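Presented below is the structure to which this report refers.
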Amino acid sequence: MDMSLQDLLLLGKKDLASERGVSCAGELPAASDPDLVERAKVARAALGSRAMILGHHYQRNEVIDFADITGDSFKLAQAAAENSSAEYIIFCGVHFMAESADILTNSDQKVILPDLTAGCSMADMAAVNQVNQAWAVMERLGLASQTIPITYMNSTAAIKAFTGRNGGAVCTSSNAERAMNWAFTQGEKVFFLPDQHLGRNTAVLKLGLNLQDCVIWNPWKPNGGLTDQEIVDAKIILWRGHCSVHGRFSVENINEVRARIPGVQVLVHPECQYEVVSNADVVGSTEFIIKTVENSPAGSKWAIGTELNLVQRLAQKNPDKEVVFLDKTVCYCSTMNRIDLPHLVWVMETLVNGRVINQISVDTEDAFHAKVALERMLALP
Ligand code: 13P
Ligand code: SF4
């Protein structure tokens with residue numbers, strides 16, 4: 001069926017009108033709309049090179065199908081930084097990724113997050129006032145000048161700005177080792193936030209530090225739940241944050257899959273717990289996980305510990321290999337999953353109609369300092 005955008009918009013309006021009893025131009029289309037894919041194609045074509053659609057690897061297939069670039073958070077940040085021509089960057093991922101894209105793009109480019117409720121539970125575990133309180137303790141102990149903050153991409157713009165202001169850098173799961181090595185050329189201690197697991201796995205399994213070199217800062221306890229001496233002695237101060245999706249994988253999962261599938265290789269994301277990562281065969285970012293499976297010989301067997309949309313797509317795209325999910329229970333990232341085709345169609349059609357919705361715009365002051373920390377990451381050797 002060959003339909004114009006106007007026809008399709010009208011169809012969508014009718015659907016909603018009957019469902020809600022109102023006529024409401026440009027509202028969220030119903031997921032049941034049989035013309036949704038066609039509407040997405042028409043709106044995408046109408047936007048042309050004015051829009052770039054970025055899709056994180058954890059997005060649903062229906063969204064990935066429309067992404068111009070798919071990638072891990074590092075690749076998508078680079079893509080945003082390198083594109084100075086698209087008027088709209090439609091970011092199919094979560095809030096902190098869209099914030100980073102806004103910081104790295106020109107002031108006349110607009111970053112759109114199709115569903116504003118697509119946040120990240122890990123990023124929400126570090127509030128800037130809590131981080132400032134922790135830093136005040138390090139200042140009181142005379143440690144701040146020799147402590148370098150390294151902030152995982154999965155954090156708010158305000159935390160990235162704190163990092164930029166205090167001589168630190170952002171990192172992602174694909175360059176945490178390089179960022180931490182760089183930090184130790186700049187100071188004697190690393191304050192790693194908000195993912196304790198990525199921080200610990202990098203410090204111990206990549207840099208060769210001891211578990212005892214790391215302490216955990218609990219933002220809900222006075223002095224982070226630590227004595228002054230523990231803070232003074234630590235090489236790495238880990239923020240007490242974690243990913244609720246990756247935190248679920250266990251050593252039992254690994255033992256179970258190894259017993260069930262002889263010869264299987266366990267490949268996990270570094271947001272998994274230390275015990276899981278140290279028992280796995282291979283560890284890396286989402287982009288690394290995909291490349292590793294794609295480049296493995298036919299007949300290889302992989303049990304993957306990361307988000308389920310990615311693992312299901314890997315299994316579909318590599319039918320000559322056995323690709324299974326490490327855990328037996330379903331484990332989508334519920335916030336990544338909030339971006340669905342209705343939301344993508346909604347923001348695209350609204351842009352076609354000349355209205356910008358769901359724009360992510362970081363406060364100028366925060367953006368300035370966060371950009372310093374992001375650019376330090378992009379410049380890492
Ligand atoms: P990547 O940096 O591997 O894309 O991971 C981002 C993320 O949110 C993992 O949970
Ligand atoms: Fe955040 Fe975890 Fe979802 Fe990644 S998988 S976006 S860290 S909640």
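Please read all numbers here as calculations on a predicted model, not as lab measurements. Atoms within each ligand, like the ligands themselves, are counted from 1 in listed order. Residue numbers count from 1 along this sequence.
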| query | Quick one: do R44 and D65 make a salt bridge, cutoff under 4.0 Å? | reply | no
| query | Just distances here: any N/O of S173 and N/O of ligand 1 closer than 3.5 Å? | reply | yes
| said: Please tell me whether L205 and I254 are part of a single hydrophobic cluster in this structure, the criterion being side-chain heavy atoms less than 4.5 Å apart. | reply: yes
| said: Taking the basic N atoms (NZ, or NE/NH1/NH2) and the acidic carboxylate oxygens, is any pair closer than 4.0 Å for E99 and K160? | reply: no
| note | Applying ring pair (Phe, Tyr, Trp, His ring centres under 6.0 Å) to H57 and not counting sequence neighbours gives none
| Does atom CZ of R338 have more than 12 heavy-atom neighbours, drawn from other residues, nucleotides or ligands, at distances under 6.0 Å? | yes
| Nearest protein heavy atom with distance in Å, relative to atom 10 (O) of ligand 1 | E271 OE1, 2.9 Å
| task | Mark up the atoms of ligand 1 that fall under 4.0 Å of a heavy atom belonging to N154, in ascending order. | result | 7 (C), 8 (O)
| said: Please classify the F74 to ligand 1 contact at 4.0 Å (heavy-atom distances, strictly less than): side chain, backbone, both or neither. | reply: neither
| query | When K235 is tested against each of D213, N210, V215 for side chain to side chain contact (heavy atoms under 4.5 Å, CB included), which residue passes? | reply | D213
| message | Within the 3.5 Å criterion, strictly below it, is a donor on N279 or E275 matched to an acceptor on the partner's side chain? | response | no
| query | So is S73 polar-close to ligand 1, meaning N/O to N/O under 3.5 Å? | reply | yes
| query | Looking only at heavy atoms of H56, does any of them come nearer than 4.0 Å to an atom of ligand 1? | reply | yes
| said: Show the atoms of ligand 1 that are less than 4.0 angstrom away from any heavy atom in T286. | reply: 1 (P), 3 (O), 4 (O)
| query | Is H269 near ligand 1, meaning one of its heavy atoms is under 4.0 Å from it? | reply | yes
| said: For F91 together with F96, are the ring centres under 6.0 Å from each other? | reply: no
| request: Considering the heavy atoms of S285, write down every atom of ligand 1 situated less than 4.0 Å from one of them. | output: 3 (O)
| request: Measure up the F191 and W135 rings against each other and bin them: parallel (under 30°), tilted (30 to 60°), perpendicular (over 60°). | output: parallel
| field | Atoms of ligand 1 close to D72 [distance to a heavy atom under 4.0 angstrom, numbered from 1] | value | 1 (P), 3 (O), 4 (O)
| Proximal atoms of ligand 1 relative to H246 (non-hydrogen, under 4.0 Å) | 10 (O)
| remark: So, leaving waters aside, the tally of protein N/O/S atoms less than 2.8 Å from atom 2 (Fe) of ligand 2 stands at 1
